[in-house]
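Beneath this line is the structure, given in structure tokens, with notes to follow.
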Protein chains: 2
Amino acid sequence: MDAMTNRPASDDPAEDPHWLTEEEQAAWRAYMHATRLLEDHLDRQLQRDAEMPHVYYGLLVQLSEAPRRRMRMTELAQQAKITRSRLSHAVARLEKNGWVRREECPSDKRGQLAILTDAGYTMLSRSAPGHVAAVRAAVFDRLTPEQVKQFGEVCRTIATGLEPEGADLPWLR
Amino acid sequence: MDAMTNRPASDDPAEDPHWLTEEEQAAWRAYMHATRLLEDHLDRQLQRDAEMPHVYYGLLVQLSEAPRRRMRMTELAQQAKITRSRLSHAVARLEKNGWVRREECPSDKRGQLAILTDAGYTMLSRSAPGHVAAVRAAVFDRLTPEQVKQFGEVCRTIATGLEPEGADLPWLR
DNA sequence: CCTTGTTCCTTGAACTTTCAATTAGTAAGG
DNA sequence: CCTTACTAATTGAAAGTTCAAGGAACAAGG
């Protein structure tokens, strides 16, 4: 939550550790609210319509766009910005649901391929329109084209700055 | 994850359920990446420096800003945009850590007050500068003042649109 | 080959969040 | 009072995530 507002009483301008301006605080607070509410909203929408959380759905989408609807585990984790551990658990569940299956990687015997099944693809096709509509209603239908552009630009900047960082994200450094 | 890109092969312009434009897709993808990476980043930063996840930290901040550093549970949940259930669990843990304590509400015996302890306040004071610095480095130092303004505006729009909605968020509707 | 170091992925335990009750207190009508 | 309806907050179990550890395969050098 707007963790920035926390300026512990000391309004001494001398030892100021560079707090946020009014404008920045407001933006940060709004960002926190928006992300929290949006994530919840989409999670519910997908839980209802596709019986899975948003992250899992995103994995299926990524697979559906990959060359032969298959991807190496690590690559999938990278693109989805999640840890490999999390992906392992997630794929395990998606496998149970029948949307994904695994296969050994021919070229590297350590490797695993996550593959979107036909059932998974069908399910995606059915739930995609509803999901797009939800995103549209919550975000893009409320923004001007100009704002969409600005928003994208800001998010790209933030994401880029964070890329080469992280703890268990060992594919980086 | 960029769940939108999922356009199941049908490029038939006739039954188009209103997909996203290129620009929108790009923005959405960037948003997903940014939020995921940022949340992870801040979670780690706070786990390291304050030994608690970002959401919990936010709760303490909210309390620190409240009138007598105390707030009704429901009000806190509302402002933090989380469910009351989640808050119950969270406060339970924060209590164990000694940062928060509870007190009965004088006016409504059903009610509980969550109160930031002195220990909690001290801890906040110590970790706030580091946290602000992290947010600054990840977000605001990378944006122009103009972008901060735009970003805030967009987030406010999204958050506002999502406010009167939700399932177990019974304080709404 | 054998050793050493690294990469790919999985696993189990600890912790957090969600979901569906459940308890206790308030409020209004009769 | 008593009933009914609603609100505040908690609880326990299930689902999801993180963290630290571990096994198996590759890669380079001796």
Side-chain angles (χ1 to χ4, degrees), chain A residues 36-37 39-48 50-59 71-78 80-97 100 102-115 166-173, chain B residues 36 39-48 51-59 71-78 80-97 100 102-115 166-173:
Chain A
R36 200 97 87 210
L37 290 169
E39 179 67 17
D40 279 9
H41 182 66
L42 295 182
D43 259 349
R44 279 180 218 291
Q45 187 267 317
L46 282 171
Q47 196 72 51
R48 182 163 48 70
E51 299 190 289
M52 73 179 77
H54 191 195
V55 195
Y56 289 21
Y57 185 86
L59 294 175
M71 221 183 284
R72 283 288 293 270
M73 292 292 277
T74 295
E75 199 195 338
L76 184 50
Q78 282 171 355
K81 263 75 187 166
I82 63 178
T83 61
R84 288 181 298 195
S85 171
R86 189 173 174 182
L87 181 62
S88 278
H89 290 297
V91 168
R93 183 192 132 171
L94 291 172
E95 238 178 332
K96 272 188 201 159
N97 284 263
V100 169
R102 295 183 211 238
E103 218 168 82
E104 290 205 343
C105 176
S107 56
D108 185 340
K109 280 175 190 166
R110 294 168 305 180
Q112 289 273 110
L113 292 168
I115 306 180
D168 167 61
L169 311 169
W171 55 73
L172 321 158
R173 54 181 323 99
Chain B
R36 200 97 89 212
E39 179 67 18
D40 279 10
H41 183 65
L42 295 182
D43 259 350
R44 279 178 219 291
Q45 187 267 317
L46 282 172
Q47 196 72 52
R48 183 161 48 69
E51 297 190 293
M52 72 180 76
H54 191 196
V55 196
Y56 289 20
Y57 185 86
L59 294 174
M71 223 183 282
R72 284 287 292 271
M73 292 294 277
T74 295
E75 198 196 337
L76 184 50
Q78 282 170 354
K81 265 73 188 168
I82 64 177
T83 63
R84 289 181 299 195
S85 173
R86 188 173 173 181
L87 181 62
S88 278
H89 290 298
V91 169
R93 182 191 131 170
L94 291 172
E95 238 179 334
K96 271 189 203 159
N97 285 262
V100 169
R102 294 182 212 237
E103 219 169 81
E104 288 204 345
C105 176
S107 56
D108 185 340
K109 281 177 189 165
R110 294 169 302 181
Q112 290 272 109
L113 291 168
I115 307 181
D168 168 59
L169 312 168
W171 55 72
L172 320 159
R173 60 177 320 99

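Letters A, B, ... mirror the listed sequences (proteins, then strands); counts begin at 1.
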Rounded to the nearest Å, what distance is computed from the [atom1] atom of residue [X] to the [atom2] atom of nucleotide [N]?
X: B/Arg48; N: D/dA20; atom1: CZ; atom2: P; answer: 13 Å
X: A/Asp40; N: C/dC19; atom1: CG; atom2: C1'; answer: 13 Å
X: A/Glu39; N: D/dT17; atom1: CD; atom2: P; answer: 10 Å
X: B/Glu51; N: C/dC15; atom1: CD; atom2: P; answer: 12 Å
X: A/Leu59; N: D/dG16; atom1: CG; atom2: P; answer: 12 Å
X: B/Lys96; N: C/dT16; atom1: NZ; atom2: C1'; answer: 12 Å
X: B/Glu95; N: D/dT11; atom1: CD; atom2: P; answer: 10 Å
X: B/Asp108; N: C/dA24; atom1: CG; atom2: C1'; answer: 10 Å

- Message: Each nucleotide in nucleotides 2-7 of chain D should get exactly one letter: B, S or -. Can you fill that in based on protein heavy atoms under 4.0 Å?
- Response: -----B
- Per B/Tyr56 side chain, nearest of listed nucleotides C/dT17, D/dG16, C/dT26: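 The nucleotide sitting nearest to the side chain is C/dT17.
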- Item | A/Ser88 side-chain proximity, nearest of D/dT17, C/dT10, C/dT18 |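 When the side chain of A/Ser88 is considered, C/dT10 is the closest of D/dT17, C/dT10, C/dT18.
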- Item | Residue met sooner reading DNA chain D from 5', once A/Lys109 and A/Arg93 are mapped to nucleotides |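 Upstream on the strand: A/Arg93.
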- Query: In terms of the nearest nucleotide of DNA chain D, which residue is placed more toward the 5' end: B/His89 or B/Arg72?
  - Reply: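 With B/His89 and B/Arg72 compared, the 5'-side residue is B/Arg72.
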- Close side-chain approach of A/Arg86 and A/Val55, heavy atoms under 4.5 Å: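 Yes; the side chains approach each other to less than 4.5 Å.
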- Query: Is any side-chain heavy atom of A/Val100 closer than 4.5 Å to a side-chain heavy atom of A/Leu59?
  - Reply: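 Not in contact.
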- Task: Scan for salt bridge (charged side-chain N to carboxylate O under 4.0 Å, His left out) pairs involving residues 103-112 of chain A, sequence neighbours excluded, and state none if there are none.
- Result: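 Residue pairs passing salt bridge (charged side-chain N to carboxylate O under 4.0 Å, His left out), neighbours aside: A/Arg70-A/Glu103, A/Arg72-A/Asp108, A/Arg101-A/Glu103, A/Asp108-A/Arg110.
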- Would you mind classifying the nucleic acid contact of A/Asp43 as base, sugar-phosphate or nothing, using non-hydrogen atoms under 4.0 angstrom?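 Since no nucleic acid heavy atom lies under 4.0 Å of A/Asp43, the category is nothing.
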- Message: Given the structure, check if the side chain of B/Ser85 and the base of C/dC19 hold any donor-acceptor pair shorter than 3.5 Å.
- Response: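 For B/Ser85, whose side chain was compared with the base of C/dC19, there is a donor-acceptor pair (under 3.5 Å).
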- Message: Distance check, rounded to the nearest 0.5 Å: A/Thr74 atom OG1 versus A/Gln112 atom CD?
- Response: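 It is 10.5 Å, given to the nearest 0.5 Å.
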- Considering the options B/Gln47, B/Gln45, B/Met52, which one meets the side-chain contact (heavy atoms from CB on, under 4.5 Å) requirement together with B/Tyr57?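 By the side-chain contact (heavy atoms from CB on, under 4.5 Å) criterion, B/Tyr57 pairs with just one of B/Gln47, B/Gln45, B/Met52: B/Met52.
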- Check whether any side-chain N or O of B/Asp43 sits under 3.5 Å from a backbone N or O of B/His54 as a donor-acceptor pair, and report yes or no.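 The answer is yes, because a donor-acceptor pair under 3.5 Å joins these two groups.
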- Under the side-chain hydrogen bond (donor to acceptor under 3.5 Å, both in side chains) test, residues paired with B/Glu51 that sit two or more places apart: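 Here no residue qualifies.
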- Task: Assign each of A/Arg102 and A/Gln47 to its nearest nucleotide of DNA chain C by heavy atoms, then name whichever residue's nucleotide is nearer the 5' end.
- Result: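 Residue closer to the 5' terminus by nearest nucleotide: A/Arg102.
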